[in-house]
2 protein chains.
Amino acid sequence: MELRKIFSENKHILLYGAGLALLLFLLKWLELRFVIFDHALEVYVGAIALIFTGLGIWLALKLTKPKVERVVVEKEIYIEKSRDFVFNETEMNRLGISKRELEVLQLMAQGFSNAEIAERLFVSLNTIKTHASNLFFKLDASRRTQAIEKAKSLALIP
Amino acid sequence: MELRKIFSENKHILLYGAGLALLLFLLKWLELRFVIFDHALEVYVGAIALIFTGLGIWLALKLTKPKVERVVVEKEIYIEKSRDFVFNETEMNRLGISKRELEVLQLMAQGFSNAEIAERLFVSLNTIKTHASNLFFKLDASRRTQAIEKAKSLALIP
DNA sequence: TTTCCGTTCATACTTTCGGGCGATTTTGGA
DNA sequence: TCCAAAATCGCCCGAAAGTATGAACGGAAA
């Protein structure tokens with residue numbers, strides 16, 4: 001359950017710990033057998049240092065998260081514009097545009113001002129502004145004229 | 001001359017070596033003073049291991065080039081295939097729309113702001129505003145979106 | 001040459017848009 | 001029944017759009 005997840009996420013650290021423990025046991029064992037450190041403490045310590053430096057380097061390499069660099073590749077999609085308009089519901093769903101937003105979009109494309117749209121839909125001007133803002137975001141536009149252009153090319157409006 | 005270059009290029013490695021040497025001297029000195037390792041070899045070795053692990057990590061972080069993970073993001077660009085557009089010159093003459101005004105109208109329909117249009121046509125913002133106002137009057141519109149709608153229906157723009 | 005017209009630009013002002021918050025209420029499904 | 005998404009509305013502020021008016025300049029037609 002959780003255990004496996006914890007292990008896999010901290011695999012390197014756990015391996016490091018295990019390695020360290022193992023080494024310590026090995027040293028203890030060596031200590032009992034020979035009296036290495038009596039003669040050559042420097043060599044001994046140097047070896048330890050080297051080994052753990054290596055381990056540290058290995059740890060660092062494994063644990064550092066790579067920087068994510070985003071490369072934007074532009075993909076061109078051609079769209080046929082036909083006079084017999086077929087509403088592209090797929091695109092609407094893909095962009096997450098709601099029914100109400102579509103209504104606002106349609107009226108916007110017909111040249112109505114926000115105030116006029118508000119009047120027509122019996123809601124406040126602020127509401128229309130919110131819908132418009134959401135539309136601009138979803139259509140990746142910063143002006144209503146842009147939004148209209150894009151919506152037309154996506155067959156969201158005639 | 002060369003020496004300085006060599007030093008700056010291998011700064012981290014040299015620093016590491018110096019640190020190692022220093023530590024070894026320190027240990028030697030400690031060895032002469034006390035008999036630490038007699039009592040607690042594990043602690044001693046553990047400390048060394050920890051220190052050099054840290055050094056290793058530091059070395060690795062300093063020496064290795066930062067990992068970069070490339071993520072390719074596809075950005076879709078929709079391009080409209082306008083098949084058949086026949087410009088209605090008659091209507092343009094009837095409404096008394098000038099060439100320059102038509103240019104502005106086209107850019108407006110493409111979603112450009114007045115400032116952007118001004119930049120593109122190498123004229124001032126005020127000039128574009130004047131053209132726009134004249135267009136609105138000639139097209140009997142009071143907003144750019146309206147003007148665009150009307151112009152499209154009159155086949156002045158695709 | 002004089003008179004239009006298109007083009008350019010300016011200043012000053014008002015209105016509309018759009019961004020950036022936050023907030024509450026409806027509502028359609030799990 | 002409960003939740004998330006949708007819809008609603010508000011406020012503030014700055015940017016953009018649009019209105020009004022005047023003016024200068026050059027080319028083309030009368």
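Keep in mind that what you see is a predicted model, and the values were worked out from it rather than measured. Just so we're on the same page: letters track the sequence lines, and every chain starts at 1.
- Atom CD in B/Glu103 sits roughly 15 Å away from atom P in C/dG6 (whole-Å rounding).
- Between A/Ile128 atom CD1 and D/dA6 atom C1' the separation is 14 Å, expressed in whole Å.
- Under a hydrophobic clustering in which Ile, Leu, Val, Met, Phe, Trp and Tyr are joined whenever their side-chain heavy atoms come within less than 4.5 Å, directly or via other members, A/Phe85 and A/Leu105 fall into the same cluster.
- Atom P of nucleotide D/dA5 and atom CG of A/Asn93 are separated by 15 Å, given to the nearest angstrom.
- For B/Gly111 against A/Thr145, the heavy-atom pair with the smallest separation is CA-OG1, 3.5 Å.
- Under the 4.5 Å side-chain criterion, counting only non-hydrogen atoms from C-beta, B/Met92 is not in contact with B/Asn88.
- Of all non-hydrogen atoms in B/Glu103 and B/Leu121, the two that sit nearest each other are OE1-CD2, 3.7 Å.
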| field | Contact pattern, 5' to 3', of nucleotides 8-21 of chain D - B, S or - by protein heavy atom under 4.0 Å | value | BBBB-----BBB--
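- At least one side-chain heavy atom of B/Phe87 sits under 4.5 Å from a side-chain heavy atom of B/Leu102.
- Look at CD on A/Glu116: it is 9 Å from P on C/dT16, rounded to the nearest Å.
- Look at NZ on B/Lys99: it is 14 Å from P on D/dG27, rounded to the nearest Å.
- Regarding A/Phe137, its CZ atom lies at a distance of 13 Å from the C1' atom of C/dG20, rounded to whole Å.
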